[in-house]
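These notes are about the structure you will find just below.
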Amino acid sequence: MHTVVRGAGALGLTALLLTAATGCQGDSSSAAEPAPTSPASPASGTAAGSGGGSATGSPTGLAAQKLDWHACAAPSTAQGGGTAPAGDWQCATLKAPLDHAKPDGRTIDLALIRSRARDEQQRIGSLLFNFGGPGASGVATLPALAQTYASLNSRYDLVSFDPRGVGASDGVTCLDDQAMDAGVAADSTPDDPAGVKALDDSNARFVSACEHNSGPVLPYVDTESAARDMDLMRQVLGDRKLSYFGISYGTQLGGVYAHLFPQEVGRLVLDSVIDPTKDPQQSALGQAQGFQLALDDFMKACAGQAGSSCPTGAGGEEGTAKVTALVRKLQQSPLPTQSGRQLTENLAVTGIAGALYSQETWPVLAAGLTEAMDQGTGNTLLQLADGLNGRDAQGHYSNLSAANRAIGCVDARQRYSDQDVQQQLPQFQAASPVFGAFTAWGLTGCTGWPVPGKGDHPEVAAPGAAPILVVGTTGDPATPVEGARAMAQQLGAGVGVTVTLQGEGHGGYNTGNPCLKQTVDAYLLDGTVPADGTTCS
């Protein structure tokens, strides 16, 4: 068993490298959001509507609820743990229908957090964030990354939330901590029938635990329901249009929102984009290729900086051979760590993948590989793996893995058998000797899931929507840059506007690249739409 790598854990790793930012406290107020403008065309004007987002009158039902903003508590274990955010962060609970087809039925509580705009006179409205996964707690992540978005906090209330099934929003519960430790350490790239059976049994235990502990909520944690939640948030927050910043899986959520509510689209940024045209098998293959590309880039940089002391030598085939030799050795002989746990093959590959999300963690990866190869211990790679798996230093897991699987399995109808994986395995291994088998066998994670999947791929076509900024990074390991181009095309002519960052990492804006930051800020703060195909380096 392993976490499907979609971005949440990577942002958790990034958050560890950053300090929390603070916002300004104040009372909520509505603001009409101006539509984006393009240098090539006149502004389309501000859409009409009430503060509740309805063009026909005052908000009713759950859209009329008032949020009770209060000081935030420390994140729960399900959210990833930690201390209460410093400064004037405020938290609230939003009630949403469990089943949006039954708006007067049972409700679900959704956890929200915000930092008020510093310039109340120039306030645009709320800027809603989703940091990916699926499974990332926005309530825990936004304060840790807020300094990255400080320029946007000048005129926006920065707002994030735990999507349904995540963290404090009726988070899906599956295995306990001890069982999770065993699951993430177990062999997930079987080489013989006994190994295949062991993996199948591990998946079955996970699925059974999810159904037992969270069965009633599992049918309702899909992306479409989360997108409808976001429109309810828009209304309750008092915004006529939705302003939104989605990263990784957050791009899928944003695309689905635009498809469902094209006339409510204000200023949307989709950064590190999941390709909406690919099924899970195609996405997994692209991810194997993306992580191998990022590993190659890391090894090249390491060789250039450290020379012969680089653990992967000159990189290229030599470096890949060194990494695969280490991984293969771990399958038979795991390495000891100071914690008493062992670094297994599965944990090592997870740790390597986690470090490739950002150039900031490349030096940590070099140190971890050196430690494993030269000293025979796995402390650093294990720490990296724990970050991606959502495990804290006390051995407690967030519900990242549980939510990740629950949301992914209810979204996609495909259910892959062992035979399907074995048939595709040579293609995956050719794409990446390090990550290919890992991503291929991950496809069996939804086999036996108690809830049927909803579709082949997300629907994101949004004719008539305002321009949406779609950002891709050429060295992104988890969401290859081709996904941004596919998303822009699917959104439709005049809607999807591509911006490409020539660089490394997952989450282009978070790299701090001045060109990209200026481009995105001009769009979000001033409504200036860049030329389609803009490139930053």
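Computed over heavy atoms, backbone and side chain alike; hydrogens, waters and symmetry mates excluded.
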- What closest approach, in Å, do Val265 and Ala466 show between heavy atoms, and which atom pair accounts for it? O-CB, 3.8 Å
- Task: May I ask you to decide whether Asp170 forms a salt bridge with Arg164, counting only side-chain N to carboxylate O separations under 4.0 Å?
- Result: no
- Is a donor on one side and an acceptor on the other found under 3.5 Å between the side chain of Arg415 and the backbone of Cys409? yes
- Classify the angle between the aromatic ring planes of Phe435 and Phe291 as parallel (below 30°), tilted (30 to 60°) or perpendicular (above 60°). tilted
- Message: Does Asp181 form a salt bridge (Lys or Arg N to Asp or Glu O under 4.0 Å) with Arg391? I'd like the steps, not just the answer.
- Response: CA-CA 9 Å; Asp181 269 347; Arg391 185 188 194 274; 2.9 Å; yes
- Message: So for atom CD, which belongs to Gln423, do other residues, nucleotides or ligands contribute more than 12 heavy atoms lying within a distance under 6.0 Å?
- Response: no
- Task: Report yes or no: is the cationic atom of Arg405 (NZ for Lys, CZ for Arg) closer than 6.0 Å to the six-membered ring centre of Phe206, at no more than 45° off its axis?
- Result: yes
- Test salt bridge (Lys or Arg N to Asp or Glu O under 4.0 Å) on Asp201 and Lys197 and set out the steps. CA-CA 6 Å; Asp201 290 345; Lys197 184 179 185 304; 2.8 Å; yes
- Task: List the steps, then state whether side chain to side chain contact (heavy atoms under 4.5 Å, CB included) holds for Leu199 with Asp187.
- Result: CA-CA 7 Å; Leu199 178 61; Asp187 182 12; over 6 Å; no
- Task: With salt bridge (Lys or Arg N to Asp or Glu O under 4.0 Å) as the test, would you mind laying out the steps for Lys95 and Asp109 before giving the verdict?
- Result: CA-CA 5 Å; Lys95 290 194 174 297; Asp109 289 343; 2.8 Å; yes
- Closest approach of Thr447 and Val207, non-hydrogen atoms and distance? O-CG2, 4.1 Å
- Task: Verify, without hydrogens or angle tests, whether Asp420 (side chain) and Ser417 (backbone) share a donor-acceptor contact under 3.5 angstrom.
- Result: yes
- Check for a donor-acceptor pair, side chain of Arg485 on one end and backbone N or O of Thr498 on the other, with a separation under 3.5 Å. no
- Query: Is the backbone N or O of Ala111 less than 3.5 Å from a side-chain atom of Asp162, with the two atoms forming a donor-acceptor pair by type?
  - Reply: no
- Please report the C-alpha distance between Asp231 and Lys241 in whole Å, then the side-chain angles of each, then the deciding distance to 0.1 Å, and finally whether the salt bridge (Lys or Arg N to Asp or Glu O under 4.0 Å) criterion is met. CA-CA 9 Å; Asp231 199 60; Lys241 299 280 187 175; over 6 Å; no
- Mind listing the closest non-hydrogen atom pair of Val166 and Ala403 along with its distance? CG2-CB, 3.8 Å
- Any donor-acceptor pair under 3.5 Å from Asp456 side chain to Asp279 backbone: no
- Can the ring centres of Phe245 and Tyr149 be said to be less than 6.0 Å apart? yes
- Query: Parallel, tilted or perpendicular: which describes the rings of Phe129 and Phe131, with under 30° parallel and over 60° perpendicular?
  - Reply: parallel
- Donor-acceptor contact below 3.5 Å, side chain Thr189 vs main chain Ala437: no
- Mind checking the CD-NE2 spacing from Gln490 to His457? Nearest 0.5 Å is all I need. 7.5 Å
- Ile468: which of Val497, Val495, Val269 passes side chain to side chain contact (heavy atoms under 4.5 Å, CB included): Val495
- Task: Look at the side chain of Thr534 and the backbone N and O of Pro530, then say whether any donor-acceptor pair between them is shorter than 3.5 Å.
- Result: no
- Query: Would you say Thr361's side chain and Ala355's backbone share a donor-acceptor pair under 3.5 angstrom?
  - Reply: yes
- Query: Can you tell me if CD on Gln489 sees more than 12 non-hydrogen neighbours from other groups inside 6.0 Å?
  - Reply: no
